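These figures come from a predicted structure and were not determined experimentally. So you know, we letter chains A, B, ... as the sequences are listed, proteins then strands, and number each from 1.
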Protein chains: 2
Amino acid sequence: MVSASLAGELNRARVLKTLYANGPLPRPELARLTGSTRATIGQIVTPLLDDGLLEELEPLASGVQGGKPARPLWFSDNGWPVGAMLVLPQGVKTAVVTAGGRVTAVTSSSFPADVDADGVTRRITTAMRRTMARAGVALHGIGIAVGGMVDTEAGVVVRAGLAPVLDGLPLAQVVQADTGVPAHLDQDTRAQALGDLLFGAGRGESSFASVYVGAGIGAGFIFDGALHRGARGAGGEVGHAVVDRDGPVCRCGRRGCWEMLANRHALHAAAAAAGLPGAATLDLAGLVALASRDAAAGRVLAGYTEDVALGIANLQQVLGVGLFILHGDPAGAGEPFRAAVEVAARERAFAHPGGPTRVVLGTADDVATLRGAAALVLSKALHVAF
Amino acid sequence: MVSASLAGELNRARVLKTLYANGPLPRPELARLTGSTRATIGQIVTPLLDDGLLEELEPLASGVQGGKPARPLWFSDNGWPVGAMLVLPQGVKTAVVTAGGRVTAVTSSSFPADVDADGVTRRITTAMRRTMARAGVALHGIGIAVGGMVDTEAGVVVRAGLAPVLDGLPLAQVVQADTGVPAHLDQDTRAQALGDLLFGAGRGESSFASVYVGAGIGAGFIFDGALHRGARGAGGEVGHAVVDRDGPVCRCGRRGCWEMLANRHALHAAAAAAGLPGAATLDLAGLVALASRDAAAGRVLAGYTEDVALGIANLQQVLGVGLFILHGDPAGAGEPFRAAVEVAARERAFAHPGGPTRVVLGTADDVATLRGAAALVLSKALHVAF
DNA sequence: TCGGTTCGTATGCGAGTCTCACAAACTATC
DNA sequence: GATAGTTTGTGAGACTCGCATACGAACCGA
């Protein structure tokens with residue numbers, strides 16, 4: 001139930017969410033956007049300024065009619081550091097992220113090929129401790145993004161398809177015990193979606209899908225400004241939705257999964273079949289460059305574009321989200337590829353009153369995911385329902 | 001922002017939602033489930049009892065330790081009547097539904113084959129006026145469920161695939177102007193999902209999909225106890241998600257849409273191809289009966305089962321919902337068919353920490369949809385976010 | 001210098017929930 | 001049959017928070 005004190009908490013969360021959705025804002029603007037008053041906003045932000053979460057930026061210039069200059073509020077780059085971790089089959093990345101999204105003290109650590117569960121755990125905790133030491137400040141929490149299926153309630157990695165050594169690892173507990181800082185676990189693509197919502201191309205958008213296309217395909221969904229999680233963190237396995245019932249067998253055992261058609265391996269295979277030079281190591285950006293002067297490469301690229309758009313169009317049909325943010329390989333492929341995917345997705349989905357499907361490119365590196373991992377902590381610690 | 005008065009409204013909504021999710025409840029139980037106190041619950045429900053929305057049922061027996069008997073609260077069957085309407089290509093159904101879900105004064109009206117937009121409008125408004133007259137009471141609003149794509153903000157039918165005569169019709173406005181009662185419009189499968197949530201198999205569930213399988217395929221999604229709508233009411237077109245990239249051409253122009261494989265027409269075609277008797281008019285229940293003594297019919301049924309499960313498994317993979325409620329043809333097909341779909345869906349989707357996929361049968365008639373249409377009104381009028 | 005304008009804050013009010021206390025109604029026991 | 005124990009439902013006061021209002025602070029242009 002929402003008592004007066006809970007109402008205060010909800011309103012504080014609303015203010016913070018409004019800041020994340022719009023960037024630095026002065027008090028009167030916050031009041032306007034939240035439908036509140038300057039007095040109430042002042043009452044809310046004063047303790048946050050005292051705590052060091054927020055700070056006042058340089059005063060804006062007054063308008064032509066004069067008046068006291070407004071001082072925009074934004075998250076302090078000094079206070080409120082949060083740990084962020086991305087655990088993938090090949091290794092772990094750690095960083096410290098401030099509430100404003102500044103990423104510092106990034107470290108990377110690779111897993112050897114023959115590593116066992118103990119070795120993985122040791123490398124993960126060591127990397128985090130090193131990052132904490134480099135940051136030199138106490139963290140408010142650690143957010144962990146994992147490539148694979150997770151149990152968000154238990155904080156356990158259920159199944160990391162490409163790294164079975166992680167299966168069943170209670171990673172949140174392990175990290176929390178080792179560092180003494182509360183840890184929160186979620187799927188990497190869901191963290192990525194949070195990163196887009198707070199600090200990326202999804203800022204200010206109410207609903208979108210954040211899609212990763214690389215060695216595998218995954219997605220996180222933002223509906224009405226909040227992250228969608230299935231039961232105990234299920235869902236988001238869009239790469240293993242069947243789009244070609246009689247297609248090739250996937251490593252998951254089913255036939256015609258989307259990622260069998262549109263992942264990096266499929267690209268290599270198509271390039272090799274077309275006899276393109278260096279097919280086995282060709283990346284999407286390279287294919288785009290090659291396609292401008294090689295018709296065979298152009299056909300491979302067109303096919304891949306269609307296959308990416310096919311899955312996007314399916315999501316559009318089912319969910320009705322209007323925006324898709326592509327991370328991974330497409331992020332480095334440039335504007336022509338983005339436009340081609342967008343056109344193909346529009347052709348494959350119905351026209352909606354919500355307007356045509358938009359496709360934008362995200363980041364090729366993992367910064368969105370690291371920021372999203374940090375956002376897992378911000379969500380819990382600040383009681384904001386992202 | 002949530003002021004004290006808005007907090008009161010939210011808490012009132014929370015109490016009503018708790019009632020819908022649990023059925024009749026006495027005040028102490030409501031307090032327990034909402035984390036509130038008996039005093040606060042009393043303060044909230046007293047005006048609702050005075051308004052005639054709620055009423056006190058017969059006192060329960062005291063416990064073994066004695067004590068004053070508790071009187072459960074539930075929605076009055078006399079007060080708060082709401083209009084419900086289901087507009088389909090072949091005709092319109094209207095009814096009056098109470099806040100407790102009792103459906104009365106049902107009427108049906110078919111559209112002639114050569115009807116024009118004016119004729120459709122006239123038949124719809126006439127049916128509603130007749131139902132209102134039969135009910136003999138003033139309605140608090142009218143909920144309209146339409147088979148087709150709608151613009152929920154504008155209250156306009158965007159595209160009714162099987163009934164182009166409805167395209168572009170501002171149905172909410174038309175009905176509101178004709179009856180003088182506020183009207184709310186949404187897609188039929190979304191209304192169906194609301195009906196399941198409040199009065200059907202989805203009661204008390206936080207997330208599920210309500211799927212209709214018949215001449216077409218559609219679905220409505222409940223996430224965290226609330227209906228999912230895409231941008232301006234987009235989405236839910238699960239029947240036109242591609243599951244067989246190189247499959248047969250659908251009437252929408254794409255290839256291999258789910259509903260090309262698993263709708264009623266596909267069933268007839270498969271039955272005809274197998275040489276089953278009466279294939280052109282065979283319904284699913286009939287096929288189930290036939291399959292028990294005819295191996296060829298068994299193979300047709302098995303194929304259809306797999307095709308239905310294929311789309312369900314895809315939804316499970318993407319969304320992570322754990323429960324699927326099947327309406328339309330499967331609703332009348334009986335337990336063996338339900339179990340077969342469930343098994344097939346489980347085999348086609350990953351195992352999740354949220355537990356195995358459950359499939360249950362809904363109603364073959366349209367009562368869930370009519371109740372859901374009424375719930376559109378209840379949601380607005382009672383300020384409850386379903 | 002002064003009026004106009006905007007920003008930020010202090011003050012009283014109102015609405016709602018929570019805590020506490022008490023009457024009402026029922027059961028079991030002496 | 002009287003009484004203690006238990007549970008339900010309600011009333012009074014405390015508390016918290018947002019809101020309306022008013023006022024000082026800071027800036028512009030004349």
Can you identify which nucleotide, out of [options], has its nearest atom closest to the [X] side chain?
X	options	value
B/P69	D/dT8, C/dC26, D/dC19	C/dC26
A/P28	C/dC18, C/dG8, D/dC19	C/dG8
A/S5	D/dC17, D/dG9, C/dA15	D/dC17
A/S3	C/dC18, D/dC19, C/dC7	C/dC18
A/A4	D/dT16, C/dC7, D/dC19	D/dT16

So, is [X] near the phosphate of [N], with a side-chain N or O under 4.0 Å from OP1 or OP2?
X	N	value
B/Q43	C/dT17	yes
B/N11	C/dT17	yes
B/Q65	C/dC26	no
A/S62	C/dT5	no
B/S36	C/dC18	yes

Which pair of non-hydrogen atoms, one from [X] and one from [Y], has the smallest distance, and what is that distance?
X	Y	answer
B/P72	B/P24	CB-CB, 4.2 Å
B/S379	B/A385	OG-CA, 4.4 Å
A/L370	A/A84	O-CB, 3.2 Å

Determine the contact category for [X]: base if any of its heavy atoms lies under 4.0 Å from a base atom, sugar-phosphate if only primed atoms, P, OP1 or OP2 are that close, otherwise nothing.
X	value
A/T40	base
B/I44	sugar-phosphate
B/T46	nothing
A/A39	base
B/T37	base

Measure the distance from [atom1] on [X] to [atom2] on [N] and round it to the nearest whole Å.
X	N	atom1	atom2	value
A/L10	C/dG16	CG	P	17 Å
A/R12	D/dC17	CZ	P	8 Å
B/R38	D/dG11	CZ	C1'	13 Å
A/L25	C/dC7	CG	P	13 Å
B/L49	D/dT8	CG	P	17 Å
A/L6	D/dC15	CG	C1'	15 Å
A/L73	C/dC7	CG	P	12 Å
A/K68	C/dG8	NZ	P	6 Å

Q: Could you point out which residue of A/Q187, A/R190, A/H184 forms a side chain to side chain contact (heavy atoms under 4.5 Å, CB included) with A/T152?
A: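 In the set A/Q187, A/R190, A/H184, the residue that makes a side chain to side chain contact (heavy atoms under 4.5 Å, CB included) with A/T152 is A/R190.
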Q: Please tell me which of A/G67 and B/G67 maps to the more 5' nucleotide of DNA chain D, matching each residue to the nucleotide holding its nearest heavy atom.
A: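 Upstream on the strand: B/G67.
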Q: Take B/A70 and A/G35, find for each the nucleotide of DNA chain D with the closest heavy atom, and name the residue whose nucleotide sits nearer the 5' end.
A: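 Nearest nucleotide further toward 5': that of B/A70.
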Q. Are B/E205 and B/R358 ion-paired here, with the side-chain N under 4.0 Å from a carboxylate O?
A.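 Salt bridge: yes.
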Q) Is the A/Y20 ring parallel, tilted or perpendicular to the A/F386 ring (thresholds 30°, 60°)? A)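 Because their plane-to-plane angle is over 60°, the rings of A/Y20 and A/F386 count as perpendicular.
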Q.
If you assign each of A/V45 and B/E9 to its closest nucleotide in DNA chain C, which residue comes earlier from the 5' end?
A.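 Between the two, 5'-proximity favours A/V45.
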